[in-house]
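Here the structure comes first, spelled out in structure tokens, and everything after it is commentary.
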Amino acid sequence: KAHTPPRRCLPTNLARTMGGRGGRGGRGNKRKGDDRLLKRDFKKSRDNVWDEKKSPKPDADGAYTPYDKNNKTFEKYYKAQQIVPPEEWDQFMECLRTPLPTSFRINGSGKFAEDVRDMVENKLFSKVGETVSGEEPIAPPKCVRWYPNRLAWQFNYSRQQLRRLPHLEQIHEFVKRANEYGSITRQEVVSMIPAFFLAIEPHHVCLDMCAAPGSKTFQLLEMLHGSLGDNTAIPTGFVIANDVDMKRCNLLTHQTKRVNSPGLLVTNHEAQNFPVIQSPGGRTFPFDCILTDVPCSGDGTMRKAPDIWPRWTVGNGNGLHPLQLKIALRAAQLLKVGGRLVYSTCTFNPIEDEAVVAAMLKDCDGALELLDVSAELPDLRRVPGVRTWEVWDKFGKHDTHDGPEEKNKLHATMFPAYADAAILPLERCMRILPHQDDTGGFFVAVFQKVKETPKTIEPVKKLKGPIVVQTALGVAADNTVTVNFTLRNAFDLRAERELLAANGGKALVPEKELLLTSVRGQGRRGGADAVGGGGNKGGVRFAGGLDAIMPVSDPKVIDTITETYGIDREKLPLHKNAVTRTADSSRPKRLYMLTDGLREFLAADHREQLKVICAGVKIFERQEHKDITDGSAPCDYRLTQDGLHMMLPFVTKQIVRPTLAELKLILERRSLNLADDPDRPDRALFLDPHTIAEVATMKNGSRVFLPRIE
């Protein structure tokens with residue numbers, strides 16, 4: 001551990017809200033009072049206040065009335081859709097009415113994750129095997145069958161069982177605390193599925209379009225790092241976690257911060273309008289893999305959110321279908337040729353599932369291929385997608401979109417006939433049914449991009465600010481002159497001309513390397529220092545984006561750090577990838593580390609289209625040195641606990657290796673002396689001569705303590 005104050009843990013009540021799958025249309029852990037189900041509900045921000053009127057009220061005896069888990073329209077609708085085999089229908093409905101088990105996965109990979117798994121399995125879970133509550137045997141937690149290396153587990157214990165049996169209470173407390181510390185992540189089992197189909201590699205550029213609260217993004221970052229198999233290597237790629245809601249972006253930042261990755265970028269955009277970043281020289285950054293876990297009606301989460309039962313109608317999914325298709329088509333446009341796109345929802349509804357997939361295949365005109373991934377995760381139980389479905393609204397069933405009968409907010413893309421669904425390989429989609437593995441409901445479709453998408457799916461660009469007409473003259477080989485007129489933003493056009501003039505009037509060519517040489521945002525984006533943190537607290541939105549990102553302008557800062565801590569710039573290029581958000585970048589308060597790919601991506605955004613909430617990981621923090629009397633000049637920057645895991649392989653100085661007894665004293669006393677202090681006789685001393693010699697030769701300032709195992 002670094003000899004610095006420990007990182008603050010998240011409050012228990014906040015950590016509990018971060019373990020499940022989002023809050024969009026059924027993904028939130030706190031569903032009571034959350035009635036956002038229609039497309040219009042996702043266009044407005046909500047106040048972060050408790051609404052007592054919307055919370056359930058207890059009766060005279062203090063008991064809460066359980067939700068009625070019956071909905072005749074729900075049963076009639078899904079029987080007609082034939083998504084569940086008829087012989088399994090009763091089992092399906094019975095499972096939907098039972099509580100969802102608690103599930104978690106062990107973070108990371110390699111020996112550390114395996115040690116945590118063995119400790120949990122052999123010491124904690126083994127005690128439950130023979131436990132009996134009354135006359136009912138208690139089943140021990142079970143590992144998720146399809147998850148690699150037994151690193152995911154689930155259990156289902158009632159509150160009465162937790163109160164009555166100490167062993168079960170220990171498990172419950174372990175899950176809460178380990179989730180706060182970052183050893184595990186509370187996450188629904190079905191929510192763990194999509195990341196495995198993206199085939200992430202260390203150099204990949206990844207996008208999670210609807211990322212909050214961040215459990216899937218956490219997986220993507222783990223895969224970006226874990227596939228290296230070397231803790232001294234840093235991936236060159238990065239992961240963008242995007243969400244439309246500012247408050248949810250702050251929650252997303254807290255959730256993903258536990259990964260402490262230099263390859264994380266959190267942004268705040270509408271997914272269907274996520275910007276295309278292009279450098280002055282024309283370099284673009286198409287994504288190698290994109291996850292689109294879109295907002296949905298969420299009826300696959302009924303086991304966790306029983307309040308959906310009385311509120312469910314056929315109109316819920318119909319209202320979200322257009323938004324889902326827009327997001328999916330934008331993802332297809334942003335994807336690199338050869339890249340993978342995963343479309344997922346937590347609903348059973350074919351209008352939100354197969355209808356969107358079929359419309360994507362048609363509108364992309366052969367640019368997307370729906371992949372058969374039945375051989376991947378072979379132990380995962382699933383049912384194939386359907387090629388035909390029924391379209392209902394409040395007036396009943398409709399066979400065609402252009403029929404004469406009255407309709408309510410129906411679109412042509414909802415109907416199988418729009419894309420000739422009967423001839424499409426929609427059976428390659430997969431639907432997870434709750435009764436198959438005691439989980440929630442889920443839908444996944446995996447695509448590969450085989451050619452560029454047509455221009456017809458691009459969203460219409462709305463010009464803002466002063467608008468001018470750009471005139472372009474062209475002369476063909478036969479001396480025919482053509483004139484093209486284009487409406488442009490005046491500032492963008494002026495910036496392009498300035499870049500051209502700075503290049504001597506020559507055409508710009510794609511850059512070999514992009515460096516952050518200027519300030520992103522020019523300091524106009526607010527005052528919060530939030531590259532690795534939550535950004536503008538309270539969810540305040542600033543015109544044009546958020547806080548600026550600045551390169552560290554004073555080389556003395558980097559020189560002092562690399563010399564003090566013995567960091568090789570060839571292995572860890574701090575001079576290129578260290579940034580700050582302090583207004584005075586010559587003496588920054590905090591330094592953050594980016595991967596090579598993320599640095600180039602931010603440098604390419606010369607038009608400042610990105611609304612950045614958080615970028616990279618905090619590695620150094622400025623400290624004030626007091627009472628330095630020996631004339632030495634200590635380094636002004638100390639290592640932070642957040643970035644220590646990433647920095648440790650590159651730090652060769654300021655490392656102390658105490659004995660285990662000395663390390664225990666450090667943790668207990670918070671400080672140790674090299675010699676007796678007459679003014680403080682109660683202070684403990686270093687015990688080992690080798691440790692004393694190491695400490696005595698070091699510079700004043702931050703040190704890292706690694707236990708000496710003998």
Side-chain angles (χ1 to χ4, degrees), residues 14-32 34 92 95-107 141-148 150-157 171-172 175-176 178-179 184-198 208 210-220 222 241 243 248 251-252 255-256 258 291-308 342-349 352-353 377 379-382 430-444:
L14 178 59
R16 288 175 181 170
T17 68
M18 299 194 305
R21 290 183 290 131
R24 307 180 306 278
R27 288 184 169 79
N29 281 342
K30 294 189 176 182
R31 287 288 311 184
K32 293 184 174 65
D34 189 354
F92 167 75
C95 184
L96 270 183
R97 296 186 175 102
T98 60
L100 184 70
T102 299
S103 55
F104 67 89
R105 60 179 183 83
I106 299 171
N107 295 334
K142 63 179 181 179
C143 67
V144 177
R145 181 182 57 256
W146 56 267
Y147 200 96
R150 304 197 326 278
L151 293 178
W153 295 76
Q154 67 180 42
F155 57 86
N156 196 2
Y157 303 132
I171 294 175
H172 185 63
V175 170
K176 289 194 298 183
N179 184 77
I184 70 170
T185 295
R186 292 182 64 181
Q187 185 178 359
E188 281 192 46
V189 170
V190 290
S191 175
M192 304 174 191
I193 296 172
F196 285 98
F197 293 112
L198 288 172
D208 190 350
C210 308
S215 55
K216 296 183 185 67
T217 306
F218 199 116
Q219 280 184 280
L220 302 186
E222 283 184 345
D243 202 85
R248 291 172 57 78
L251 175 62
L252 172 60
Q255 173 77 317
T256 53
R258 297 178 301 156
L291 174 60
T292 55
D293 187 42
V294 296
C296 67
S297 57
D299 51 27
T301 68
M302 281 178 161
R303 299 183 67 186
K304 180 179 69 176
D307 57 312
I308 295 178
V342 172
Y343 175 85
S344 64
T345 73
C346 58
T347 178
F348 308 112
N349 197 342
E352 304 175 72
D353 298 340
L377 299 181
D379 293 330
L380 175 66
R381 292 177 181 171
R382 64 197 96 175
M430 68 187 81
R431 183 173 278 106
I432 313 301
L433 300 178
H435 65 282
Q436 292 178 320
D437 256 332
D438 197 15
T439 63
F442 212 66
F443 175 87
V444 180

* Asked: Please walk me through it: do Val175 and Phe155 pass side chain to side chain contact (heavy atoms under 4.5 Å, CB included)?
  -> CA-CA 11 Å; Val175 170; Phe155 57 86; 3.9 Å; yes
Exercise. Assess whether ring pair (Phe, Tyr, Trp, His ring centres under 6.0 Å) is satisfied between Phe348 and Phe92, documenting all intermediate values.
Key: CA-CA 12 Å; Phe348 308 112; Phe92 167 75; 5.3 Å; yes
- Task: Walk me through it: do Tyr147 and Ile193 pass the test side chain to side chain contact (heavy atoms under 4.5 Å, CB included)?
- Result: CA-CA 9 Å; Tyr147 200 96; Ile193 296 172; over 6 Å; no
Hey, mind stepping through Met192 and Trp146 against side chain to side chain contact (heavy atoms under 4.5 Å, CB included) and telling me if it holds? CA-CA 11 Å; Met192 304 174 191; Trp146 56 267; 3.9 Å; yes
Checklist entry - When you look at Asp293 and Phe442, which way does the side chain to side chain contact (heavy atoms under 4.5 Å, CB included) test go after all the steps? => result CA-CA 10 Å; Asp293 187 42; Phe442 212 66; 3.9 Å; yes
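One finds the CG atom of Asp299 at 3.5 Å from the OG1 atom of Thr347 (value rounded to the nearest 0.5 Å). Taking NZ of Lys216 as the start and OG1 of Thr256 as the end, the distance is 14.0 Å to the nearest 0.5 Å. To the nearest 0.5 angstrom, Arg248 atom CZ is 9.5 Å from Cys210 atom SG. To the nearest 0.5 angstrom, Cys346 atom SG is 7.5 Å from Glu188 atom CD.
Considering only residues two or more places apart in sequence or on other chains, Arg382 meets the salt bridge (Lys or Arg N to Asp or Glu O under 4.0 Å) condition with none of them. With sequence neighbours excluded, the residues that form a side chain to side chain contact (heavy atoms under 4.5 Å, CB included) with Pro306 are Tyr67, Lys69, Trp309. By the side chain to side chain contact (heavy atoms under 4.5 Å, CB included) test, Asn107 is found to be paired with Arg105, Thr185, Phe218, Glu222, Arg258, residues two or more places apart in sequence or in another chain being considered. Under the side-chain hydrogen bond (donor to acceptor under 3.5 Å, both in side chains) criterion, Thr217 pairs with Asp208, sequence neighbours left out. Legend: residues meeting salt bridge (Lys or Arg N to Asp or Glu O under 4.0 Å) with Asp353, ordered by chain and number and at least two apart, are Arg431.
Of all non-hydrogen atoms in Trp153 and Cys143, the two that sit nearest each other are CE3-N, 3.3 Å. Nearest approach of Ser297 to Glu352, heavy atoms of both residues: OG-OE2, 2.5 Å. The minimum heavy-atom distance between Thr439 and Leu100, with the atom names listed, is C-CD1, 3.6 Å. Heavy atoms only, all atoms of each residue included: Leu252 and Gly214 are closest at CD1-CA, 3.3 Å. Of all heavy-atom pairs spanning Ala211 and Asp243, the tightest one is N-OD1, 3.8 Å. Between Gly440 and Val190, the shortest heavy-atom contact is O-CG1, 3.4 Å.
A donor-acceptor pair under 3.5 Å is absent between the side-chain atoms of Thr292 and the main chain of Val294, judged by distance alone. At least one donor-acceptor pair under 3.5 Å links the side chain of Gln436 to the backbone N or O of Leu433. Not one N or O on the side chain of Gln154 forms a donor-acceptor pair closer than 3.5 Å with the backbone of Val189. Gln187 places a side-chain N or O within donor-acceptor distance of the main-chain N or O of Ser191, the cut-off being under 3.5 Å.
The salt bridge (charged side-chain N to carboxylate O under 4.0 Å, His left out) analysis of residues 432-442, with sequence neighbours excluded, yields the pairs Arg145-Asp437, Arg303-Asp438, Arg381-Asp437.
Side-chain contact between Ile432 and Leu380: present, with at least one pair of heavy atoms (C-beta onward) separated by less than 4.5 Å.
For Phe197 and Tyr343, the distance between ring centers is not under 6.0 angstrom.
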